[in-house]
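Just so it is clear, the values below take in all heavy atoms, side chains as well, and ignore hydrogens, waters and symmetry mates. The sequence lines fix the lettering, A, B, ..., with proteins before strands; numbering per chain opens at 1. Since this is a predicted model, take the numbers as computed values, not measurements.
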Protein chains: 2
Amino acid sequence: MTITIKDVAKMAEVSISTVSRVINDSKPVSPEARRKVLNAIEVLGYEPNEIARSLVTRKSNLIGVIVDDIGSYYVSQIVRGIEEIGRMYNYDIIIGSSYGDPKIEMKFLQLFKTKQVEGIILVSEIVDDDVIDYIENLKIQVIYLNRYYVVPGLLTVYLDNKKAANIMMEYLRELGHGNILYLTQKRDIDSTIEKRKIEGYKESMKEINKEPLIHTIDTHRIEGAYKYGEEILEVIKNNDITAVFCSQDELAIGLMNYLYDQGITVPEEISVAGYGDISVASIFRPTLTTIKEPYYDMGAVSIRKILKSLKGKKNSNTEDIELPIRIKKRGSCKKI
Amino acid sequence: MTITIKDVAKMAEVSISTVSRVINDSKPVSPEARRKVLNAIEVLGYEPNEIARSLVTRKSNLIGVIVDDIGSYYVSQIVRGIEEIGRMYNYDIIIGSSYGDPKIEMKFLQLFKTKQVEGIILVSEIVDDDVIDYIENLKIQVIYLNRYYVVPGLLTVYLDNKKAANIMMEYLRELGHGNILYLTQKRDIDSTIEKRKIEGYKESMKEINKEPLIHTIDTHRIEGAYKYGEEILEVIKNNDITAVFCSQDELAIGLMNYLYDQGITVPEEISVAGYGDISVASIFRPTLTTIKEPYYDMGAVSIRKILKSLKGKKNSNTEDIELPIRIKKRGSCKKI
DNA sequence: GTGAAAGCGCTAACAA
DNA sequence: TTGTTAGCGCTTTCAC
C-alpha cells in the first residue's frame, strides 16, 4: 500500500540505513549508492512518514497555537505572523480555538503536549489559574499573548500600554481637545493592561487640569458598542466631550457606526480614537486614528523566541519582549 | 524523562497491554487493575504520546488546511468552520498559507501527506495544473474551495453563482435601477465562477432591454479598488450609472471608500452592491448590500464531508455540495 | 561507505 | 481477564 523506506531499499539494492542517510544527508554515501536510492525514490514516489520520523527523533516540528477565536481580526493577524515565520524554519502550526473557555484552553494545552509540540503560543483574553499553573509546570516553552491581562511569570510579547495612552492623549491635545472621554469595557477595568492605559489617560488629563472621565460598557465587540451608543452619546453631550478615546478599536468602530446612523459626523462633530489598529481600522471611513498593536509582529516575535530557545536548549530565554509603539494618525480625529 | 506507558505499567504492577486497554477502553479490564492503572496515571501525570499512537493506528486525527492567506477575512471564517466542527470529532487542524503561490500549495500537499493527515481542505484562489494532478492522484480525500474557479473533477462545496447574480439584479431592479454597472477583476473575467455571475448579470440586463456594461480592474483587494476609483467614477458618469454591482465585497468597499473621500454619498447618489458578505460588510457604513457566501458553513460542510468519507471508508462521496443563496439587503442600495 | 540491529512509545493479535 | 510479542516506519549506534 503506502510505500516505505524498505521498498526503496529493496529497489535500490541497499540497506534501509543507506536510504535514510541519503534522505537526511546525515552521513557520507557513495555517489553510486546515492544515485540508485534517489532513482528508486523518484520511481516509487516515496515520501517519508513524518510520524515515524518524529517518534524516533523526538522532533515533531509542530508549534501549537491556542487562540481565542481564529475568526477575530487581530487573532488572524497574530496567527499569520506565527505561520509565516514558522514556515521559514520548517515548523508547522496546529491550531485550536478556545472561544474564551478556560476549560478548552486547558484541553488544548494537554492535547498539544500529547501531540509532542515543541512550543505553544497561547492567545488568550482571559486569565485562569488552572491554565497558568499548568503552563508553569509544563516543560514546553509557552508564549502567552493577552491583550487584556498581564500575567506575571508567563513569558510574553507586549507593548508599554501606559506610554501608548500617553502618546495618543498628547496627540489629541495637540488637536485642541481637552474634554476627552475614555471608553472601555467594564470587565477590563481591573485588568492589568487596561489599568496601565487608564493610568496614562489620567496622567495626561491631569497635566491639562481636566477631570478624567471614564465610561464603561459591557462589551468589547463592534455590535455591542453600537448598542451602547445612545448611552455613550448621552455622556458626551452632558460633558461637552469633543473626543472619545476607546480602549479597543472595536468599541471605536461600534461607536462611529452609531454616530453615523444618528447623522452625527466623525470627525467634524466629534473625534474618535481607538486602540489596536485591527485591520478594518484603516479601511473604515473615516479611517480610525489609533495605536498600532503590531499583531503580526507579535506572532512573528513569539515564534522566533520559541525557535531560539529550542535551538539553545537552555531556558536562557526568560525575558519578555517589548515592541515599539506607533500611533496611526488618520481621519477620525480632527483639530478643533 | 518523559514518562511512558511502561512507567505506568511498572507502577501499577500490570503489563503495558493492560494499561493500553484502560487508556483506550478497548477490552475488558478487571476493576482492580483498572483502579491501579488509573491511580498510576494520576500520580505520574502520564499523558499518552499521540505520535507513537498514530504510528501504529495509522490515524493522525489531523486535517490539513491549505489557505490562500489566513489573514484574509473570508479565509478565517472558513477555517473557523473547519476547526469548530473538526473539534467535535476530535480532529485537529494543521494549517498552511500559500499566499497564492502554486509551488507552496504543492509543498503543503506533499508535506501534509507525509504528516499523515486524514483529509485536506484546500482554499485556493488560483488554479494550477500540477496541483490538480497531484490531488487527483492522492489517496487522501481533498475538498477544494475556490471562490473564483470551478475545477471539474475536484470535490467542492459551492453556490449557484448565476442564480445569485440573478437574485441581486432582481433586487436592484426592484429598487428602480436600470443602468447597472458590473465591476469585476480582469484576471477573473474568464474564471468559471465569474463567468456564471456575468451570465446572470447579462441575462437580467437583457430582460429589461438594457445594454450590459462591465468594467474590469486589475485587483481584488480593497486598497486596490480604491486606486481605480477615479477610473470607475468616470465610467459611472459617462453612462448614467445608478448602481454598481461588484463581483466581490472587497471591490465594493474600496469603491465606497473612494466615493466617500470624493464627497459622493452612498446610497443617496449611487447604490453599491457586493458579493461575498465578508465580515466587514455588515459593520461598514453604509452597510453593504451583498450576496452571502456562507464561508463558515463552507468550512463546516467541507470537513463534515471528509469525516463522513473517513467513516464510510468508501469513496461513495463524490458529489459536490450546493449551499443556499442568501441576499443581504442593507444600506448601500437605495430606491431611486 | 555500508549493513545489522536496537529501539522510539504505542496497539493489537495471539496465547494463556 | 491478562501478559507476551510482533510490529508501525524510521534513525542511529555499532561493527565491519
Heavy atoms of other groups near A:Lys107 NZ, more than 12 under 6.0 Å: yes
Exercise: do B:Gln116 and B:Ser54 side chains pair donor with acceptor under 3.5 Å: no
Bend angle of the helix from C:dG1-D:dC16 to C:dA16-D:dT1, end axes from five pairs each (to 10°): 40°
5'-most by nearest nucleotide on DNA chain D - A:Tyr46 or B:Pro28: B:Pro28
Between protein and nucleic acid, restricted to nucleotides 3-5 of chain C and to nitrogen or oxygen atoms under 3.5 Å apart, what atom pairs and distances do you find?
unit_1 : atom_1 : unit_2  : atom_2 : d
C:dG3  : OP2    : A:Ser15 : N      : 3.0
C:dG3  : OP2    : A:Ser15 : OG     : 3.1
C:dG3  : OP2    : A:Thr18 : OG1    : 2.6
C:dG3  : N7     : A:Arg21 : NH1    : 3.1
C:dG3  : N7     : A:Arg21 : NH2    : 3.4
C:dG3  : O6     : A:Arg21 : NH2    : 2.4
C:dA4  : N7     : A:Ser17 : OG     : 3.4
C:dA4  : N6     : A:Ser17 : OG     : 3.0

Criterion side chain to side chain donor-acceptor pair (under 3.5 Å) on A:Glu105 and A:Ser124, from CA distance to verdict: CA-CA 8 Å; A:Glu105 283 187 352; A:Ser124 182; 2.6 Å; yes
B:Glu125 (side chain) donor-acceptor with B:Arg147 (main chain) under 3.5 angstrom: no
Residues B:Tyr296 and B:Glu84: side-chain donor-acceptor under 3.5 angstrom: yes
B:Pro31 vs B:Arg58, nearer the 5' end of DNA chain D by closest nucleotide: B:Pro31
Closest nucleotide among C:dA12, C:dG9, C:dT2 to the A:Val29 side chain: C:dT2
Nucleotide of C:dG1, C:dG7, C:dC10 approaching B:Arg53 most closely (side-chain heavy atoms): C:dC10
Separation of atom CD in B:Glu47 from atom C1' in C:dC10, rounded to whole Å: 16 Å
Pairs where residues 17-31 of chain A contributes a residue and the test salt bridge (charged side-chain N to carboxylate O under 4.0 Å, His left out) is met, not counting sequence neighbours: A:Asp25-A:Arg34
Length of the CG-C1' vector between B:Leu55 and C:dT11, whole Å: 10 Å
Start and end of chain B contact along DNA chain D [non-hydrogen atoms, under 4.0 Å]: D:dT1 to D:dG9
Sequence neighbours excluded, every pair satisfying salt bridge (charged side-chain N to carboxylate O under 4.0 Å, His left out) that has a member inside residues 52-70 of chain B: A:Arg80-B:Asp69, B:Glu50-B:Arg53, B:Lys59-B:Glu118
Distance-minimising heavy-atom pair for A:Ser76 and A:Ile70: CB-O, 3.9 Å
Nearest-nucleotide 5' precedence on DNA chain C, B:Ser26 against B:Ile51: B:Ile51
B:Glu32 vs B:Arg35, side chain to side chain contact (heavy atoms under 4.5 Å, CB included): CA-CA, chis, key distance, verdict: CA-CA 5 Å; B:Glu32 169 66 359; B:Arg35 203 190 44 70; 3.8 Å; yes
Nearest-angstrom distance from the residue atom CD1 of B:Ile5 to P of C:dG7: 18 Å
Sugar-phosphate only, base, or nothing, as touched by A:Ser20 at under 4.0 Å among non-hydrogen atoms: base
Pairs where residues 40-79 of chain B contributes a residue and the test ring pair (Phe, Tyr, Trp, His ring centres under 6.0 Å) is met, not counting sequence neighbours: B:Tyr74-B:Tyr295
Nearest-angstrom distance from the residue atom CG of A:Asp25 to P of C:dG1: 13 Å
Check: A:Tyr158 main-chain N/O paired with A:Thr156 side-chain donor or acceptor under 3.5 Å: no
